[in-house]
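Report on one structure; see the data block that follows.
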Amino acid sequence: MATVTYDKASRIYPGAERPAVNELNLEIGDGEFLVLVGPSGCGKSTSLRMLAGLEDVDRGRILIEGKDVTNLPPKSRDIAMVFQNYALYPHMSVYENMAFALKLRKTPKSEIDRRVKEAAQLLQLEEYLSRKPKALSGGQRQRVAMGRAIVREPQVFLMDEPLSNLDAKLRVQTRSQIATLQAKLGITTVYVTHDQVEAMTMGHRVAVMLDGVLQQCDTPRALYDTPGNVFVAGFIGSPAMNIKTVPLAEAGANFGPLAVPLTREQAAAAQSGGGKITVGFRPEATDLVSPTAGGLPIVVDLVEDLGSDANVYGHAALDGGSERFVVRTDRRGMPTMGETVFIKPQADHVHLFHAETGQRI
Ligand SMILES: Nc1ncnc2c1ncn2[C@@H]1O[C@H](COP(=O)(O)OP(=O)(O)OP(=O)(O)O)[C@@H](O)[C@H]1O
Ligand SMILES: [Mg+2]
């Protein structure tokens with residue numbers, strides 16, 4: 001078990017114009033499940049590979065349990081990695097796949113046997129130990145890949161999109177299994193995904209990256225409740241938050257017929273944004289109101305009936321253009337396509353951002 005520290009760690013690939021990972025600062029606690037999330041190409045895998053020792057650290061340092069490992073080779077770092085494509089050895093049985101790394105390390109046979117059987121039990125793979133990978137389902141292969149990491153009893157687990165080969169249903173099942181397993185083993189884990197739902201359901205904390213830069217690292221709840229900038233606000237949550245940049249007016253943020261009131265402090269903080277402010281409100285924190293209640297009229301384009309509730313997509317004429325909005329509503333009073341409805345964000349759940357910097361106000 002161990003802590004992990006990224007200390008202003010950067011990776012600049014040869015010939016690249018900007019760092020793939022730019023001065024990453026991150027403290028991961030002992031036993032913590034930290035998820036790195038962000039869009040494709042934002043530097044997640046590079047960050048993980050730097051920690052694994054598979055990628056150079058061009059500036060800054062990486063520490064495991066307080067010890068500088070920046071220049072240590074992968075095998076001296078006491079970590080185990082699970083990759084997207086599992087990389088199982090096709091000619092070896094499940095047992096041999098799991099035992100392989102230990103054999104290389106000349107671990108005594110009885111010890112290997114104990115660890116493999118323990119892991120197999122934990123992962124419900126006992127009946128498959130003599131099978132070859134090709135005779136396993138995707139989910140079973142995924143568990144073998146986990147087993148190979150577990151038997152090494154590493155200080156840190158690294159996982160790079162380990163569920164991306166599984167179908168949607170199995171992904172959901174497996175992600176809760178991994179989270180449960182991690183809690184049971186208590187091994188510090190860094191987990192990479194581009195799927196924000198996966199990140200939010202699995203991580204103790206979630207680090208959101210964009211263009212090689214860490215945007216925010218916090219608990220799922222804090223990311224959801226108080227996103228630190230416009231990018232995080234739009235990235236976390238599904239359907240995504242409604243985010244619009246609108247003129248600042250006397251009455252607040254001006255959405256035509258709807259004004260989102262601002263405190264004096266908020267208006268002052270927004271001042272330097274060129275007379276504009278960026279306002280965000282989540283679909284689930286938006287109400288359908290009566291036509292006389294001062295809401296913003298939107299024309300319904302699509303209603304997604306989710307069974308329990310519904311997502312209503314629509315557009316409104318705003319500031320000379322057409323802007324899209326989405327509202328979560330219960331199924332009673334669900335509008336129909338083409339209808340005009342009036343929407344209003346719930347006052348306590350409005351997010352404000354500086355129009356130019358995108359930082360939370
Ligand atoms: N070996 C390499 N040489 C040069 N550039 C690279 C190399 N590996 C990655 N990059 C670049 O570095 C950036 C970060 O890549 P990285 O693989 O870390 O992204 P990622 O967040 O894992 O994306 P994805 O979700 O698609 O896996 C990208 O712009 C990518 O093109
Ligand atoms: Mg990647």
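Just so you know, ligand 1 is whichever comes first in the structure, and atom 1 is the first atom listed for that ligand.
Looking only at heavy atoms of the protein, atom 3 (N) of ligand 1 is closest to Y13 CD2, 3.4 Å. From the protein, the heavy atom lying nearest to atom 26 (O) of ligand 1 is S40 OG, 2.6 Å. For atom 18 (O) of ligand 1, the nearest protein heavy atom (residue, atom name, distance) is T46 OG1, 2.5 Å. When hydrogens are left out, the protein atom nearest atom 25 (O) of ligand 1 is K44 NZ, 2.8 Å; that is the closest non-hydrogen contact.
Ligand 1 has no N or O atom lying under 3.5 Å from any N or O atom of G38, backbone or side chain.
Using a 4.0 Å heavy-atom cutoff, G41 is listed among the residues neighbouring ligand 1.
The shortest distance between side-chain heavy atoms of H315 and D301 falls below 4.5 Å.
Salt-bridge formation is not detected for the pair R205/D218: no Lys NZ or Arg NE/NH1/NH2 atom is positioned less than 4.0 Å from an Asp or Glu carboxylate oxygen. Taking the charged nitrogens against the carboxylate oxygens, R171 and E198 do have a contact shorter than 4.0 Å, which makes a salt bridge. Salt bridge status for D309 with R328: present, with a side-chain N to carboxylate O gap under 4.0 Å. Electrostatic pairing of R115 and E118 does not count as a salt bridge here, judged by no charged N lying under 4.0 Å from a carboxylate O.
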### Message
Under the criterion side-chain hydrogen bond (donor to acceptor under 3.5 Å, both in side chains), I'd like the reasoning laid out for T278 against T245: C-alpha separation, chi angles, the key distance, then a yes or no.
### Response
CA-CA 4 Å; T278 302; T245 300; 2.8 Å; yes
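The contact set between ligand 1 and S45, taken as ligand atoms under 4.0 Å from a residue heavy atom, comprises 17 (O), 18 (O), 20 (P), 22 (O), 27 (O). Near G43, meaning under 4.0 Å from any of its heavy atoms, are these atoms of ligand 1: 14 (C), 18 (O), 19 (O), 20 (P), 21 (O).
Within the 4.0 angstrom cut-off, atom 30 (C) of ligand 1 has no protein heavy-atom neighbours.
Between H204 and F33, the two ring planes are perpendicular [angle over 60°; tilted spans 30° to 60°].
Distance check for T46 against the Mg ion (ligand 2): none of its N/O/S atoms falls below 2.8 Å.
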